[in-house]
Enquirer: 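One structure is given below, represented as structure tokens, and several questions about it will come after.
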Amino acid sequence: MKVKPLSPAELKVAKESALPDAVFEVVNLLLTKSTIVRQCDVMEMLTKKFGVTREQVFEEKWLDFEGAYRRRGWDVAYDKPGFNESSYEPFWKFTPKD
């Protein structure tokens, strides 16, 4: 079988397929509690439960999971404080697609 170049759509799926199961396990657990999922909670669970570092999570782009949830029927919006806004914890808001 010949190796073929990835299409843009295939690239998105390939990147999400490379995410560890731990990411989806953590997000799913938090999602069962609230449709607002705070980044600090995701990071805390990943580092404590799965023994990874914050640096590893960011370097490997493990927080780029929105597309996978969108394909499963969610609208996902990420919010973080802007330059001039008061500080608050970044979060994802999950809303079922109609």
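Small disclaimer: the values here were computed from a predicted structure and weren't measured.
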Enquirer: Using atom types as modelled and distance alone, determine if a side-chain donor or acceptor of R38 lies under 3.5 Å from a backbone N or O of P90.
Expert: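 Absent.
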
Enquirer: Determine whether T47 and R54 make a side-chain contact, defined as any pair of heavy atoms from C-beta on separated by less than 4.5 Å.
Expert: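 Yes; the side chains approach each other to less than 4.5 Å.
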
Enquirer: For the atom pair CE (M43) and CD (E89), what is the distance rounded to the nearest 0.5 Å?
Expert: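 Result: 10.0 Å between the selected atoms.
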
Enquirer: Can you check whether K93 reaches V76 side chain to side chain, under 4.5 Å on heavy atoms?
Expert: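 SC-SC contact between K93 and V76 ruled out.
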
Enquirer: Is the shortest heavy-atom distance from the side chain of W74 to the side chain of L31 under 4.5 Å?
Expert: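 A side-chain contact exists here, since the closest heavy-atom pair is under 4.5 Å.
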
Enquirer: Looking at CG of L46 and OG1 of T53, how far apart are the two atoms once the value is rounded to the nearest 0.5 Å?
Expert: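 Between atom CG of L46 and atom OG1 of T53 there are 10.5 Å.
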
Enquirer: Quick one: pull up CG in L30 and CD in Q39 and give me the separation to the nearest 0.5 Å.
Expert: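 So the CG of L30 and the CD of Q39 are separated by 12.0 Å.
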
Enquirer: Should I36 and F24 be counted in the same cluster of Ile, Leu, Val, Met, Phe, Trp and Tyr side chains packed under 4.5 Å apart?
Expert: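 No, it is not one cluster - the side chains of I36 and F24 are not joined through contacts under 4.5 Å.
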
Enquirer: Taking side chain as C-beta onward, heavy atoms only, is V37 less than 4.5 Å from F91?
Expert: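 A side-chain contact is absent here, since even the closest heavy-atom pair is not under 4.5 Å.
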
Enquirer: Is there a side-chain contact between T95 and T35 in this structure, where contact means two heavy atoms from C-beta onward sitting under 4.5 Å apart?
Expert: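 Result no, sub-4.5 Å side-chain heavy-atom pair not found.
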
Enquirer: Keeping E59 on the side-chain end and Q56 on the backbone end, is there a donor-acceptor pair under 3.5 Å?
Expert: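 Side chain of E59 to backbone of Q56: no pair is present.
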
Enquirer: Could you tell me whether the side chain of M45 reaches within less than 4.5 Å of the side chain of L29, counting heavy atoms only?
Expert: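 Of all side-chain heavy-atom pairs linking M45 with L29, at least one is under 4.5 Å.
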
Enquirer: W62 versus V42: any side-chain heavy-atom pair under 4.5 Å?
Expert: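 Counting from C-beta outward, W62 and V42 never come under 4.5 Å.
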
Enquirer: Are K49 and E25 within salt-bridge range, i.e. N to O under 4.0 Å?
Expert: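 E25 and K49: salt-bridged.
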
Enquirer: Here's a test for you: under ring-ring contact (aromatic ring centres under 6.0 Å, His included), which of Y69, W92, F94 qualifies with Y78?
Expert: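 Filter result, single survivor: W92.
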
Enquirer: Looking at K4, I want to see if its NZ is surrounded by more than 12 non-hydrogen atoms of other residues, nucleotides or ligands under 6.0 Å.
Expert: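 For K4, atom NZ is not crowded (no more than 12 foreign heavy atoms under 6.0 Å).
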
Enquirer: Where the side chain of E10 meets the backbone of S7, is there a donor-acceptor pair that is under 3.5 Å apart?
Expert: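 Yes.
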
